[in-house]
Amino acid sequence: MRWIITVFILLLVEVYAFQAFKTLFKLKWSLAIYVLITLLLIGFLMYSFNAPNPNGSFTGLRAYSIGLFLGVAAFKFATILILFGEDVFRIFEALFRKLFTPASFEIPSRRKFISTLAIGIGSLPFLGLLYGMYKGKYNYKVLTYELEFDDLPAAFDGYQITQISDLHCGSFDNRVKVNYGIDLINQQQSDAILFTGDLVNNTAAEMNDWKNDFAKLKAKDGVFSILGNHDYGDYYNWETDRKKVENLDELKSIQKEMGWKLLLDEAHEIKIANEKIAIVGVENWGKGGFKQKGDLDKATQSLSPSDFKILMSHDPSHWDAVSKNHPKKIQLTLSGHTHGMQFGIDIPGWFKWSPVQFRYPQWAGIYREAGKFINVNRGFGYLAYPGRLGIWPEITVIKLKRKVAA
């Protein structure tokens with residue numbers, strides 16, 4: 001039934017959008033081109049989803065077919081919104097003439113100007129999504145924050161961490177651009193680098209072409225990582241349960257091979273002089289059908305409430321549900337997962353909007369509540385739609401500051 005409703009809606013959109021072209025272009029060959037492009041796009045989409053895809057994800061041709069489909073769909077939806085507005089006006093105009101003039105009820109014909117305007121405005125999201133695929137997905141941005149804490153140990157005043165998240169290495173298709181991003185991470189010269197999950201889309205094999213590149217990430221106190229929902233291989237059709245377990249074991253081994261410290265419901269202490277902070281990492285914990293495996297109680301069992309803690313937890317829904325009010329007191333949580341939906345408006349410090357905010361209250365950037373902070377990284381990579389528009393790939397740099405008493 002859901003498929004029937006979806007197909008019916010798409011057919012209505014096609015018929016409605018076609019009216020703009022029918023009004024604007026009178027020549028039959030131009031209308032035939034419109035129909036041909038639509039059929040070719042549907043054919044490309046069907047072919048890409050039936051072609052072999054070894055890692056079973058939205059990569060390669062499949063990803064680009066999704067990107068083109070979204071671009072054309074955005075174009076058509078924007079077009080029909082304007083046409084619908086004109087139709088409402090046309091109906092009211094006909095009713096007015098019927099009620100207050102001798103004229104009979106007759107809906108005025110479409111105006112060529114409105115159809116031209118609709119197509120022009122509809123082209124904006126289409127061109128934007130194409131730009132996102134061509135250039136936006138590697139348009140890395142470094143976002144910097146200073147966060148003050150009353151209980152930060154004095155020896156760590158000025159301690160700097162770099163957070164990256166959601167690499168989705170199986171999606172990358174430009175080694176030069178990716179290595180530019182890796183160099184940009186190292187250029188921040190942070191004391192520690194923290195990766196908050198989703199190294200791959202589905203399989204450990206996706207790292208074969210990228211592990212040497214990401215092994216170049218270096219920091220004085222190390223590179224720490226956790227698992228995200230995609231790292232468990234839950235979205236891949238495994239031949240046996242054993243192969244799925246072996247895949248996860250291989251992914252863990254690859255992180256060790258790269259020199260990363262994978263934290264699985266555990267804490268790692270960093271010491272300066274006689275003071276310390278704890279980097280805490282939990283396995284994935286998410287709401288809305290996502291895996292809830294992380295155990296924060298286990299991860300913090302060796303720590304006291306007075307210890308300063310930085311928690312890495314892939315899904316930001318964990319903050320409201322568990323970590324924000326945890327009795328061991330988690331001063332700073334670092335998450336990812338949302339990607340900022342890879343689409344939206346984001347002017348740091350001024351305004352940010354994305355449809356994903358209707359799903360996640362904390363979806364991008366810094367949030368504070370009761371003296372505790374969470375940063376949701378917008379992600380370094382991309383998934384499904386092979387691009388980014390407005391919500392650019394992110395490298396987060398956070399400097400910890402000890403709050404000085406007034």
Side-chain angles (χ1 to χ4, degrees), residues 48 51 53-68 70-71 127-144 161-190 192-219 222-223 225 228 230-231 251 254-255 257-260 336 339-344 346 348 364 377-397:
S48 67
N53 195 333
N55 293 315
S57 188
F58 301 120
T59 58
L61 282 180
R62 192 174 297 181
Y64 282 98
S65 69
I66 292 172
L68 289 173
L70 289 174
L127 294 173
L129 288 169
L130 288 183
Y131 172 83
M133 290 192 288
Y134 171 66
K135 194 169 183 180
K137 60 187 176 184
Y138 297 123
N139 186 23
Y140 299 110
K141 301 295 181 184
V142 178
L143 301 184
T144 60
I161 59 176
T162 290
Q163 181 197 0
I164 55 173
S165 192
D166 298 87
L167 295 182
H168 292 283
C169 287
S171 298
F172 292 140
D173 56 12
N174 190 317
R175 190 172 303 278
V176 172
K177 295 291 187 180
V178 172
N179 274 277
Y180 164 76
I182 292 171
D183 291 341
L184 198 57
I185 296 168
N186 282 331
Q187 286 171 21
Q188 307 313 308
Q189 297 184 328
S190 291
I193 296 174
L194 279 61
F195 169 67
T196 48
D198 277 1
L199 184 61
V200 296
N201 297 328
N202 288 306
T203 70
E206 297 170 37
M207 288 304 298
N208 291 341
D209 292 334
W210 297 104
K211 59 185 178 182
N212 291 334
D213 299 278
F214 284 98
K216 293 187 294 186
L217 290 177
K218 302 295 179 184
V223 180
S225 64
H230 279 267
D231 295 322
L251 191 68
I254 287 172
Q255 296 192 50
E257 183 183 341
M258 293 192 300
W260 296 13
H339 296 210
M341 206 171 173
Q342 298 171 208
F343 170 82
D346 192 2
N377 184 284
R378 296 157 180 84
F380 186 90
Y382 52 89
L383 180 66
Y385 166 58
R388 285 178 175 266
L389 181 61
I391 305 293
W392 311 117
E394 175 182 342
I395 298 164
T396 311
V397 177

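Remember, it's a predicted structure, so these values are computed and weren't measured experimentally.
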Heavy-atom closest contact (P386 atom, A63 atom, distance):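 Reported closest heavy-atom pair: CD-O, 3.1 Å.
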Closest approach of S48 to S65 (non-hydrogen atoms, all atoms of both residues):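 In this case the closest contact between S48 and S65 is OG-OG, 2.8 Å.
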N201 and H230: CA distance, side-chain angles, deciding distance, side chain to side chain donor-acceptor pair (under 3.5 Å) verdict: CA-CA 5 Å; N201 297 328; H230 279 267; 5.3 Å; no
Salt bridge (charged side-chain N to carboxylate O under 4.0 Å, His left out) contacts touching residues 164-176 (sequence neighbours left out):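 Only K137-D173, R175-D213 qualify under salt bridge (charged side-chain N to carboxylate O under 4.0 Å, His left out).
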Measuring from [X]:[atom1] to [Y]:[atom2], what's the distance to the nearest 0.5 Å?
| X | Y | atom1 | atom2 | answer |
| --- | --- | --- | --- | --- |
| W392 | Y138 | CH2 | OH | 14.5 Å |
| C169 | N208 | SG | CG | 11.0 Å |
| F380 | S165 | CZ | OG | 11.5 Å |
| D231 | H168 | CG | NE2 | 8.0 Å |
| I66 | Y385 | CD1 | OH | 12.0 Å |
| L199 | L251 | CG | CG | 5.5 Å |

Side-chain heavy atoms of [X] within contact of [Y], under 4.5 Å:
| X | Y | answer |
| --- | --- | --- |
| K141 | R378 | no |
| V178 | F214 | yes |
| M133 | L129 | no |
| V142 | Q187 | no |
| F343 | L70 | no |

Distance-only donor-acceptor check, side chains Q255 and S225, under 3.5 Å: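 Yes, S225 and Q255 have a side-chain donor paired with an acceptor closer than 3.5 Å.
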Between E394 and T396: side-chain donor-acceptor atoms closer than 3.5 Å: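 Yes - a donor-acceptor pair under 3.5 Å links their side chains.
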Aromatic plane relationship, Y180 with Y140 - under 30° parallel, 30 to 60° tilted, over 60° perpendicular: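 Ring orientation of Y140 relative to Y180: tilted.
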F172 and Y382 aromatic ring geometry - parallel, tilted or perpendicular at 30°/60° bounds: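 Geometry flag for F172 against Y382: perpendicular rings.
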Residue of the set T162, I182, L143, T144 for which side chain to side chain contact (heavy atoms under 4.5 Å, CB included) holds with I395: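 Testing I395 for a side chain to side chain contact (heavy atoms under 4.5 Å, CB included) against T162, I182, L143, T144 leaves exactly one candidate, T162.
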Among L383, I391, N377, the one residue meeting side chain to side chain contact (heavy atoms under 4.5 Å, CB included) with H339: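 When L383, I391, N377 are each tested with H339, the side chain to side chain contact (heavy atoms under 4.5 Å, CB included) holds only for L383.
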N186 side chain vs K216 backbone, donor-acceptor pair below 3.5 Å: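 The answer is yes, because a donor-acceptor pair under 3.5 Å joins these two groups.
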Side-chain (E206) to main-chain (T203) donor-acceptor, under 3.5 angstrom: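 Yes; at least one donor-acceptor contact below 3.5 Å.
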Flag if over 12 foreign heavy atoms under 6.0 Å of NZ, K177: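 Not more than 12 within 6.0 Å, no.
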